[in-house]
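The shown structure was predicted, so the numbers you read here are calculated from the model rather than taken from an experiment. What you see below is based on every heavy atom in this structure, not just the backbone, and it leaves out hydrogens, waters and symmetry mates. Numbered from 1 within each chain, the chains take letters A, B, ... in sequence-line order.
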Protein chains: 2
Amino acid sequence: MPEFTRARAYLIGAMSQETGVNIETIRYYEKIGLMPKPDRTAGGNRQYSHDHLKRLSFIRKSRNLGFSIAEIRSLLGMVDQQDVSCGDVHRMTVRHLGAVRDKIAALQQLEDALEGMAAKCARGDVPDCPIIDTLFEQPEAAA
Amino acid sequence: MPEFTRARAYLIGAMSQETGVNIETIRYYEKIGLMPKPDRTAGGNRQYSHDHLKRLSFIRKSRNLGFSIAEIRSLLGMVDQQDVSCGDVHRMTVRHLGAVRDKIAALQQLEDALEGMAAKCARGDVPDCPIIDTLFEQPEAAA
DNA sequence: TCTTGCATCTGTAGCTACTACAGGCACCAC
DNA sequence: GTGGTGCCTGTAGTAGCTACAGATGCAAGA
């Protein structure tokens, strides 16, 4: 990649285009301290460097992987302190993987229940719907 | 079930106990119009009937099945108007089932990606972490 | 030079579905 | 009458944005 590309400065619209992160979201990340305050042009517009771009792309990817803002903050904290221990990152990833698997299991249970309900239903214009009946049954013990 | 049980009145704490819905949440459902305003005791406490209990239990079950408040509102709207067409309910259920399946698929993709990342990682106290490297790669085209 | 139009600015309010609190009553037992 | 519990209202906080309003910046065309 040619040098001038790396040295280029980006306005917020370009950042948004390059990373797919909404302009408002970029400003929001700045506000909550996930992105550092960038330089400004003479007129007051934000001016980003290639490093900013890489960082925003990191955040975007991590968000896509389902990491919370708090988790990304710790990941970036490690990066910022140049104190990246692979063990720590691995632990966070595995913990997160566990949470994702739990979510999948819960949704699969839900899928089964919904399938069962849909199968019971006559679909027609009948007034008595087994789905509604199911939902209107006696309350169970508190979950 | 004996008649006196059906005729009994419940205070908000009892409603919460019977259904497992938080007291604050019950008040919140009243505020947003999902639960009707109940009678009050002389002292001003909410007093619920068995019908209220059934309705709240319906809401709770539907929430557990992942229906949004808006979806529950339409389900209850049909019930309230005694206009429950099984076809409509079935359509809502199937649409919701589709959304749940989409979410499962997305999470499974995420699971794969996280597994891949975790597997690449040496776990040790090495400074160069492949997980971080992966996340810090060039930005892709906007998604 | 003026105008047009797009990009960007700040700041605030809204979204979902709750949850948590503060400060105050009602009611009961002792 | 005092203590404890349950309930009341109203407001603010949570996550992670998104959507405005109203004011500028800036570049290109007439």
Exercise for the section: Quick one: label B:Ser68 by what it contacts on the DNA or RNA (base, sugar-phosphate, nothing), any heavy atom closer than 4.0 Å. Expected result: sugar-phosphate
Looking at side-chain heavy atoms only, is the closest gap between [X] and [Y] below 4.5 Å?
| X | Y | result |
| --- | --- | --- |
| B:Val21 | B:Tyr28 | no |
| B:Ile131 | A:Leu75 | no |
| B:Arg73 | B:Ile32 | yes |
| B:Arg46 | B:Met15 | no |

Exercise for the section: Encode nucleotides 7-12 of chain D as B, S and - characters from 5' to 3', where the letter depends on protein heavy atoms closer than 4.0 Å: B to the base, S only to sugar-phosphate, - to neither. Expected result: SSB---
Completion exercise
Residues B:Leu107 and A:Val100: closest non-hydrogen pair is O-CG1, 3.7 Å
Problem - Basic-acidic side-chain contact under 4.0 Å: B:Arg95, B:Glu71 - result: no
Handout entry: Basic-acidic side-chain contact under 4.0 Å: B:Arg60, B:Glu18
Key = no
Problem - A:Thr25 vs A:Ala42, nearer the 5' end of DNA chain D by closest nucleotide - result: A:Thr25
Problem - Presence of A:Thr41 side-chain N/O under 4.0 Å of D:dG25 phosphate oxygens OP1/OP2 - result: no
Practice task
Using chain B heavy atoms and a threshold of under 4.0 Å, write down where along DNA chain C the contacts begin and end, 5' to 3'.
Solution key: C:dA17 to C:dC27
Handout entry: Shared hydrophobic cluster for A:Ile23 and A:Leu11 (ILVMFWY, side-chain gaps under 4.5 Å)
Key = no
Exercise for the section: Measure the distance from CD1 on A:Ile69 to P on D:dT18 and round it to the nearest whole Å. Expected result: 11 Å
